There are 2 protein chains.
Amino acid sequence: MSNSSVLGYALLGLIQQRPSSGYDLRKIFAETAMGNYSSSPGAIYPALERLESQGLIYGVVKDSAGLRRRRLYRLTPTGTAELRKWLTRPIEQSHVKRGMAELMLRFAFMERTLGADSSVAFLQNLRAVVRAYTSGLETYFRANAEHMPLSGRLALQCGIRGFRSIYLWTSHAIRMYRKPPSLLTSGPAKTRKGGPG
Amino acid sequence: MSNSSVLGYALLGLIQQRPSSGYDLRKIFAETAMGNYSSSPGAIYPALERLESQGLIYGVVKDSAGLRRRRLYRLTPTGTAELRKWLTRPIEQSHVKRGMAELMLRFAFMERTLGADSSVAFLQNLRAVVRAYTSGLETYFRANAEHMPLSGRLALQCGIRGFRSIYLWTSHAIRMYRKPPSLLTSGPAKTRKGGPG
DNA sequence: TCCACCATGTAACTGGTTACATGATTAC
DNA sequence: GTAATCATGTAACCAGTTACATGGTGGA
């Protein structure tokens with residue numbers, strides 16, 4: 001039952017959005033902004049088999065339209081529950097440190113599954129954890145910068161800036177949930193007022 | 001000879017900076033800002049064995065000071081060459097998309113191994129690729145935003161902002177190489193002027 | 001006929017994770 | 001003596017990569 005592979009959850013979330021075949025899912029990874037995930041058949045099909053063997057999804061072969069049979073997957077109740085469990089996991093600093101992509105994935109699926117209020121709560125939680133983590137990095141930077149080579153210092157700064165950017169984004173995202181969004185503005189990285197740390 | 005594991009290159013780079021034992025390297029991953037890499041013995045020691053069997057490093061057992069013998073690793077000429085080969089690889093969009101951490105690692109090791117001029121060239125190259133990639137994402141966003149749920153839009157925006165932040169950082173870093181740095185300022189994410197896209 | 005595309009699979013390999021094992025030294 | 005820390009390893013497991021296999025359909 002305890003799943004653990006990020007790809008597995010990505011598949012779970014996508015299948016929940018709409019019943020899909022392996023091919024559909026591969027296309028999503030290959031053609032949309034979710035392209036940071038695998039898309040290779042050697043990853044997708046075994047992952048789907050695992051999910052099915054765990055009882056989280058079930059596939060029905062459709063022989064529709066004379067094409068080769070495609071196996072359409074849907075979530076089982078267990079699968080839905082597992083997805084929710086994943087989405088509601090508490091956010092830890094280690095996730096921010098090494099698994100930001102997974103947190104984003106959770107956020108992307110959250111609205112649909114748990115509703116907008118949960119998304120806002122998640123964002124607020126994330127903002128706090130990111131802020132704490134960033135300020136830890138800044139402390140580390142202040143303590144160690146003078147002993148580091150320029151390149152090391154700059155690389156660390158890049159990381160810090162990245163997290164500050166995420167911090168700002170969480171605020172932006174929360175605002176967007178509060179009032180209906182004006183579409184098509186991704187918003188520049190503004191001067192931060194009262195950012196993390 | 002063709003290595004490919006990022007951890008392997010991280011080890012190569014660190015060993016080049018100073019001869020190290022597995023334990024030393026684990027400590028670096030566990031205690032410094034390089035903590036995004038593994039640090040578990042089950043990752044480090046086998047990786048070191050692989051590097052040694054490929055002739056990229058060699059280990060000498062030091063029985064110094066009565067402690068348990070520690071195996072100090074150094075780069076072989078082949079290892080140095082391999083490191084340089086990795087550092088001078090051309091930057092591709094796919095690296096920016098899925099392997100930003102590896103690019104940062106390359107940058108962090110570059111100054112020491114290839115000199116500051118190479119670092120600046122790398123940054124300029126990176127800046128161009130990041131800009132192109134970001135502007136692709138922005139185009140995708142403009143084309144698809146209206147068909148995406150708010151959460152999807154926001155997640156994508158987060159990515160775009162992240163890359164804009166990296167873009168700004170490359171400019172900052174180039175400036176830092178041009179004139180001696182004023183230490184201890186990691187610099188806020190400023191309003192961008194003429195950013196990517 | 002042959003190619004491109006739809007669609008699913010499989011097998012070998014690689015490398016990281018977790019967890020455990022071992023043993024030496026230092027400090028109390 | 002015993003706990004903490006230094007230091008290296010090992011084994012089972014798991015998931016992803018690459019590359020190949022298969023086979024149906026529609027169009028040139």
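None of these values were measured; they are calculated from a predicted model. A, B, ... follow the sequence lines: proteins, then strands. Residue 1 opens every chain.
The residue A:Gly42 sits close to a base: some heavy atom pair falls under 4.0 Å. The residue A:Leu7 sits close only to the backbone: its heavy atoms come under 4.0 Å of sugar-phosphate atoms, none of a base. Counting non-hydrogen atoms under 4.0 angstrom, B:Arg50 reaches the backbone sugars and phosphates but no base.
If you take CD1 of A:Ile44 and C1' of C:dA7, they are 13 Å apart, rounded to a whole angstrom. If you measure from atom CD of A:Glu49 to atom P of D:dG16, you get 13 Å, rounded to the nearest angstrom. Following rounding to the nearest Å, A:Tyr37 (OH) and D:dG16 (C1') show an atom-to-atom distance of 14 Å. Atom CD in A:Gln54 sits roughly 10 Å away from atom P in D:dC14 (whole-Å rounding). Atom CG of B:Leu51 is separated from atom C1' of C:dT14 by 14 Å (rounded to the nearest Å). One interatomic measurement links the two molecules: CZ of B:Phe29 to C1' of D:dA7, which rounds to 17 Å at whole-angstrom precision. Nucleotide D:dA7 holds its P atom 7 Å from the CG atom of B:Asp24, rounded to whole Å. Distance B:Arg70 CZ to D:dG9 P: 12 Å, rounded to the nearest Å.
Within the structure, every side-chain polar atom (N or O) of A:Tyr23 is placed at least 4.0 Å from both OP1 and OP2 of C:dT8. The phosphate of D:dG16 has neither OP1 nor OP2 within less than 4.0 Å of any side-chain N or O from A:Ser40. In this structure, B:Arg69 does not reach the D:dA7 phosphate: none of its side-chain N or O atoms is under 4.0 Å from OP1 or OP2. Phosphate contact (OP1/OP2 of D:dC14, side-chain N/O of A:Ser5, threshold under 4.0 Å): absent.
Comparing D:dG9, D:dT17, C:dG15 against the side chain of B:Arg71 picks out D:dG9 as the nearest. Each of D:dA15, C:dT10, D:dT10 was ranked by its minimum atom distance to the side chain of B:Tyr45; first place goes to D:dT10.
The closest donor-acceptor contact from the side chain of B:Arg106 to the backbone of B:Trp86 lies under 3.5 Å.
Between the CG atom of B:Asn144 and the OG1 atom of A:Thr32 there is a distance of 8.5 Å, given to the nearest 0.5 Å. The CZ atom of A:Arg84 sits 8.5 Å away from atom OG of A:Ser118, with the distance rounded to the nearest 0.5 Å.
Side-chain atoms of A:Phe163 and A:Lys97, non-hydrogen and from C-beta on, never get closer than 4.5 Å to each other.
Residues B:Leu11 and B:Leu72 do not share a hydrophobic cluster, defined by chaining ILVMFWY side chains whose heavy atoms lie under 4.5 Å apart.
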